Amino acid sequence: MGVDHAELTQDIDAATRRLLDTVATLDDGDVRAPSLLPGWTRGHVLTHVARNADGLVNLLGWVHGERTPMYESREARNRDIDAGSGRSAQELLADVEASADRFAAALAAVPDDGWDTPVVWGNGAHRTTGAIPAARLLEVEVHHVDLDAGYRYTDWPEPFVGRLLDDVTAAVDAPPMTIRVDGAAAPADGAPGPVITGPA
């Protein structure tokens with residue numbers, strides 16, 4: 001499928017460890033402070049990260065014939081986030097860590113031939129289990145920044161930024177162009193359109 005699941009798993013583990021290290025520095029007042037997401041405290045963000053892990057565990061179960069929806073419903077997802085947002089810093093840390101462990105175990109249980117299993121995302125999108133590792137990495141890295149607790153997008157590892165840039169530019173409805181990150185090799189002759197250069 002062109003996706004190195006072992007590499008993505010390592011990246012998820014490292015990103016999760018960085019997130020947990022940040023959360024471990026927060027106290028009860030910190031987790032009730034606003035995040036970068038309008039209307040959400042840090043407690044909301046952390047509860048969302050934990051429930052996302054559990055939702056993706058549900059989808060990974062489809063590989064084994066357990067067709068549990070990602071979330072019971074959109075309303076239930078939002079209720080769970082609101083209900084969990086007011087917990088103590090220690091409770092939030094424990095939840096993020098335990099849910100990440102459940103996700104890691106479910107990911108490790110996917111057989112080599114299980115990555116093409118069709119699943120239905122919480123928003124109704126149809127994908128395969130092969131999309132789940134990259135989606136989880138995106139959740140952890142982006143919401144770590146959303147905590148507004150010292151981790152910035154400039155702290156994102158280079159491989160993650162490269163994959164994210166590829167995904168974003170592929171989704172843009174624009175004339176042909178070539179994206180060249182500062183410091184990268186010059187594009188090959190015949191590269192499409194103008195060359196757009198800048199920091200990742």
Side-chain angles (χ1 to χ4, degrees), residues 8-9 12-13 15-16 18-20 22-24 26-110 114-149 151 153 160 164 167-168 171:
L8 277 175
T9 297
I12 294 166
D13 291 345
T16 300
R18 288 190 295 272
L19 173 63
L20 291 170
T22 295
V23 180
L26 304 178
D27 62 23
D28 290 350
D30 294 330
V31 297
R32 288 175 176 78
S35 73
L36 295 180
L37 296 177
W40 270 17
T41 65
R42 290 183 177 128
H44 284 90
V45 173
L46 293 172
T47 303
H48 168 64
V49 170
R51 297 296 70 78
N52 169 263
D54 288 337
L56 293 176
V57 167
N58 289 343
L59 294 185
L60 288 168
W62 290 37
V63 171
H64 310 289
E66 302 162 10
R67 294 176 59 86
T68 306
M70 185 173 184
Y71 302 112
E72 178 186 328
S73 67
R74 202 73 180 166
E75 295 74 23
R77 168 195 174 272
N78 294 339
R79 276 197 311 272
D80 287 345
I81 292 170
D82 283 338
S85 65
R87 293 173 294 170
S88 70
Q90 276 304 115
E91 288 172 311
L92 288 162
L93 174 61
D95 188 20
V96 173
E97 186 165 25
S99 61
D101 288 346
R102 289 190 293 272
F103 175 79
L107 196 64
V110 176
W115 296 110
D116 291 320
T117 305
V119 294
V120 181
W121 232 249
N123 62 4
H126 290 255
R127 300 185 186 170
T128 66
T129 44
I132 291 175
R136 178 59 182 173
L137 181 59
L138 183 69
E139 286 285 324
V140 174
E141 287 287 11
V142 171
H143 287 312
H144 193 171
V145 173
D146 289 334
L147 284 178
D148 195 22
Y151 190 72
Y153 68 87
F160 172 73
L164 186 58
D167 289 347
V168 170

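All figures in this text were calculated on a predicted structure; none of them were measured in a lab. Throughout, numbering of the chain's residues begins at 1 and tracks the sequence.
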Under 3.5 Å donor-acceptor, T9 side chain and A108 backbone: no

Rounding to 0.5 Å, atoms CG (L46) and CG (L26) come to a distance of 7.0 Å

Counting only N and O atoms by type, is there a donor-acceptor contact under 3.5 Å from the side chain of N58 to the main-chain atoms of P69? yes

May I ask you to test the N52-M70 pair for a side-chain heavy-atom distance under 4.5 Å? yes

Closest approach of T47 to S85 (non-hydrogen atoms, all atoms of both residues): OG1-N, 3.6 Å

How would you list all residue pairs meeting salt bridge (Lys or Arg N to Asp or Glu O under 4.0 Å) that involve residues 83-108, not counting sequence neighbours? R17-E97, R51-D95, D54-R102, R87-D95

According to the ring pair (Phe, Tyr, Trp, His ring centres under 6.0 Å) rule, which pairs have a member within residues 37-57, sequence neighbours left out? W40-H44, W40-H48, H48-H143

A side-chain contact here means heavy atoms from C-beta on lying under 4.5 Å apart; do I132 and W115 qualify? no

Side chains of L93 and L20: does their closest heavy-atom pair fall under 4.5 Å? yes

Residue pairs involving residues 129-144 (criterion salt bridge (Lys or Arg N to Asp or Glu O under 4.0 Å); sequence neighbours excluded): R18-E141

Could you check if a side-chain atom of L56 sits within less than 4.5 angstrom of a side-chain atom of W121, using non-hydrogen atoms only? yes

Considering all heavy atoms of both residues, which atom of A100 and which atom of T16 are nearest to each other, and what is their separation? CB-CG2, 3.7 Å

Just so I know, are the side chains of F160 and L138 near enough to count as touching, which here means a heavy-atom distance under 4.5 Å? yes

Where is the tightest heavy-atom contact between L59 and V119, given as atom of each residue plus distance? O-CG1, 3.6 Å

Selection residues 76-96 - residue pairs positive for ring pair (Phe, Tyr, Trp, His ring centres under 6.0 Å), sequence neighbours left out: none

Considering all heavy atoms of both residues, which atom of S99 and which atom of V96 are nearest to each other, and what is their separation? OG-O, 3.1 Å

Between I12 and P133, what is the shortest heavy-atom contact and its length? CD1-O, 3.4 Å

Which value, rounded to the nearest 0.5 Å, describes the distance between L60 atom CG and T68 atom OG1? 11.5 Å

Please identify each residue that fulfils ring pair (Phe, Tyr, Trp, His ring centres under 6.0 Å) with Y71, with sequence neighbours left out. none

Is any side-chain heavy atom of L19 closer than 4.5 Å to one of L147? yes

Not counting sequence neighbours, list each pair that qualifies as a salt bridge (Lys or Arg N to Asp or Glu O under 4.0 Å) and has a residue in residues 26-42. none

Between G114 and T129, what is the shortest heavy-atom contact and its length? O-OG1, 2.6 Å

